[in-house]
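Let me begin by presenting the structure, written as structure tokens, before commenting on it.
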Amino acid sequence: MKRILLPAGGAVLATGLLAAGLAGTAQAAPDWATDPLANNTATAKSVAQYWTDSNNAALKSATAYYHDAAPTSWKSGGGYSPDGKPGSVLPTGEEKVVASKVKNINLPKNIGKVFWTDKQGKNRWASGASIQSKYRNLVVTAAHNVYDTAGTGDAEVLKNWVFVPGYYQGKTPYGLYVGKTAWTHYDFDVYEDYDRDYAFVTVYNGVFYGGEKQVTAADYEKFVGPKYVKDAWITEAEYKALLDKYGPNGPQFTVPESNGSEKVGHDYAGPKYLSYVEVTEAGYKDALKDTKVDNVYKNGEAAAPPNGVIVKKLTESEYKELLAKKAAGGFLGKLEEIKQNNIVVGWQSTQYYVNQWYQKNAVKFGVHSYFIEISKDAGRLGDNVGGQGFAWNQKTGQAVYIFGYPEGPHPDGDKPYTGITPKWVYGKTSGKVYVSAAQKIEEHIGVKGALTPGADGGPWVLKYNNAKRLGFVNGVTSQFGDQDKNGRYDLVTSAYFDGETADIYKKAAATWSGKIVGPNGELYK
């Protein structure tokens, strides 16, 4: 068992990942490490909104993550020695799972895609699965699907991390689950040790997109969650009817447009109409002074209803879009980052409107319709899709099914998979460990198979029951290899799940997470 050890005096044994000469007496490092993904409901709300805005637009834009380069070579070493007795935890709701030899495989509904945003701001995905836990809120995947390992020093957790079981082309049939806490091996978290390339992630209750609802301008401003405005042209008669029925703050907040008509003072004697005009903050304050210049009043009548100032909470992507628009002169309002303890926790815009008289000429009447996207609490992950069991210290040479969403090409460029639907391979785990100097891997187990990147993080399931679609997770896809150098992947590898893996799993499996959707479909603040 490879471990990173410090003897008295600080000399490094086994791996050489720390410099020799550190002072002090050896202290036993814990096997596990935890890192927050979205450690409070405000952050989790922001993550859920990021992916569900505009009918899951961010999910649809995500592309498969191709982890590093293909290993330059693989070689096998001696056999693997468990660090204790074999153990297992039954799948959710099961007392007994019997192995099935049926080859017409019914794919488990608890596999899915994990999504995140990388350092370049690109939305990425890979594979993962729901696994049994006390609170039915646990996902298993590869640790490199949780941490950005491209930098130096400690690995950094990835942003906007979610799990979507059964994901298919923008659809979330069982809900979207925001990651709360990542549980990994200490050696991966600190040293990026790929012999520990696995992670257990607790997730909040799922979120369902429940459709749009038209609301008043006031309710639109108060709502926390995805929302948008639709604009349309209407006739003057329709405009007046809406004003009579709802007033300026009703479900249809009407805004007439001048279409090139000239501004006039409020004392202009000819045909004129009143319009709500967006101005800068300085223009807003100046207009309300109601002073005369050359016998012509400035905007002057009053602030536009309800008070001339509209403050909106923004997502990070909306904030960035408006920054670019403001830089180009297309946004007059004020943009701000909301900080707590010098940490950015949100974004908002402030826009200013005043009444302006226009000479009545060719006038168009517009209408703003306000819509919110209702969210629903989808409940706990394990209650919705179940959870695979878990096994450790198992003897090698046993048959496993490996599930995932392969999408990437083989080294020769051939691309047999689309990544749209899950696939599987079946084989026996190797009796010998696999070593890759390029990836600093010393003790992976392997299965012969032709899966490609995108499937990484997918579960290796022992004793899979085809009827119940359940078994015991005993590995997750970490790497892909081309053993015979013909330009085709023919090897899939995983870290070996031992007693240390079991300790980490058990701690994660006993951790509660909670929910992020309120009783009225709003996302919690």
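When a residue number appears, it is its place in the shown sequence, counting from 1. Remember, predicted model here, so these are calculated numbers, not experimental data.
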(request) From the options Phe390, Phe472, Trp392, Tyr505, select the one residue that forms a ring-ring contact (aromatic ring centres under 6.0 Å, His included) with Phe497. (result)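 Testing each of Phe390, Phe472, Trp392, Tyr505 against Phe497, the sole residue satisfying ring-ring contact (aromatic ring centres under 6.0 Å, His included) is Phe390.
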(request) Report, as yes or no, whether the 6.0 Å neighbourhood of atom NZ on Lys60 holds more than 12 heavy atoms from other residues, nucleotides or ligands. (result)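 Yes.
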(message) Is it the case that over 12 heavy atoms from other parts of the model lie below 6.0 angstrom from the NZ atom of Lys507?
(response)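 Yes, because the 6.0 Å sphere around NZ of Lys507 holds more than 12 heavy atoms from other groups.
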Side-chain H-bond candidate by donor/acceptor type, [X] with [Y], under 3.5 Å:
X	Y	answer
Thr477	Asp456	no
Thr141	Asn145	yes
Arg124	Thr117	no
Trp32	Thr184	no
Tyr489	Asp412	no
Tyr370	Glu221	no
Ser130	Asn110	no

Within the 6.0 Å centroid threshold, strictly below: [X] and [Y]:
X	Y	result
Trp424	Phe403	no
Phe115	Trp51	yes
Tyr464	Tyr426	no

If I compare all heavy atoms of [X] with all of [Y], which pair ends up nearest, and what's the gap?
X	Y	result
Gln398	Lys395	NE2-O, 3.1 Å
Tyr496	Thr396	CE1-CG2, 4.4 Å
Tyr177	Arg380	CE2-C, 4.1 Å
Ile445	Tyr434	C-CD1, 4.1 Å
Glu318	Leu314	OE1-CA, 3.4 Å

(request) Run the salt-bridge test on Lys415 and Glu407 with the 4.0 Å N-O cut-off and return the result as yes or no. (result)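 A salt bridge links Lys415 with Glu407.
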(message) So that I can tick it off, tell me whether Arg136 and Asp383 are bridged by a salt bridge, with the cut-off set at under 4.0 angstrom between side-chain N and carboxylate O.
(response)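 A salt bridge is present here (some side-chain N lies under 4.0 Å from a carboxylate O).
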Is there a donor-acceptor contact under 3.5 Å from the side chain of [X] to the main chain of [Y]?
X	Y	result
Tyr204	Ala38	yes
Gln394	Gly87	yes
Ser127	Gly458	no
Lys448	Lys428	no
Trp125	Gly454	no

(request) Report yes if the side chains of Thr43 and Leu37 come closer than 4.5 Å at any heavy-atom pair, otherwise no. (result)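 A side-chain contact under 4.5 Å is absent here.
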(request) For the residue pair His185 and Tyr198, categorise the inter-ring angle as parallel (less than 30°), tilted (30 to 60°) or perpendicular (more than 60°). (result)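 Aromatic pair His185/Tyr198 classed perpendicular.
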(request) Give me the one residue out of Thr501, Val139, Thr511, Thr181 that meets side chain to side chain contact (heavy atoms under 4.5 Å, CB included) with Phe200. (result)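 That would be Thr501.
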(request) Would you mind telling me which of Val492, Val473, Leu462 makes a side chain to side chain contact (heavy atoms under 4.5 Å, CB included) with Val400? (result)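 Filter result, single survivor: Leu462.
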(message) Please evaluate residues Asp219 and Lys222 with respect to the criterion salt bridge (Lys or Arg N to Asp or Glu O under 4.0 Å), reporting the C-alpha separation (whole Å), side-chain torsions for both, the decisive distance (0.1 Å), and the verdict.
(response) CA-CA 5 Å; Asp219 288 341; Lys222 292 186 295 185; 3.5 Å; yes
(request) Please name the residue in the list Asp498, Asp83, Asn474 that meets the side-chain hydrogen bond (donor to acceptor under 3.5 Å, both in side chains) test with Asn393. (result)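 Testing each of Asp498, Asp83, Asn474 against Asn393, the sole residue satisfying side-chain hydrogen bond (donor to acceptor under 3.5 Å, both in side chains) is Asp83.
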(message) Can you confirm if the NZ or CZ of Lys440 lies within 45° of the ring axis of Tyr194 and under 6.0 Å from the centre of its six-membered ring?
(response)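 Geometry flag: not set, cation outside 6.0 Å or 45°.
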(request) Look up atom CD in Gln132 and atom CG in Leu470, then write down how far apart they are to the nearest 0.5 Å. (result)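 These two atoms lie 10.0 Å from each other.
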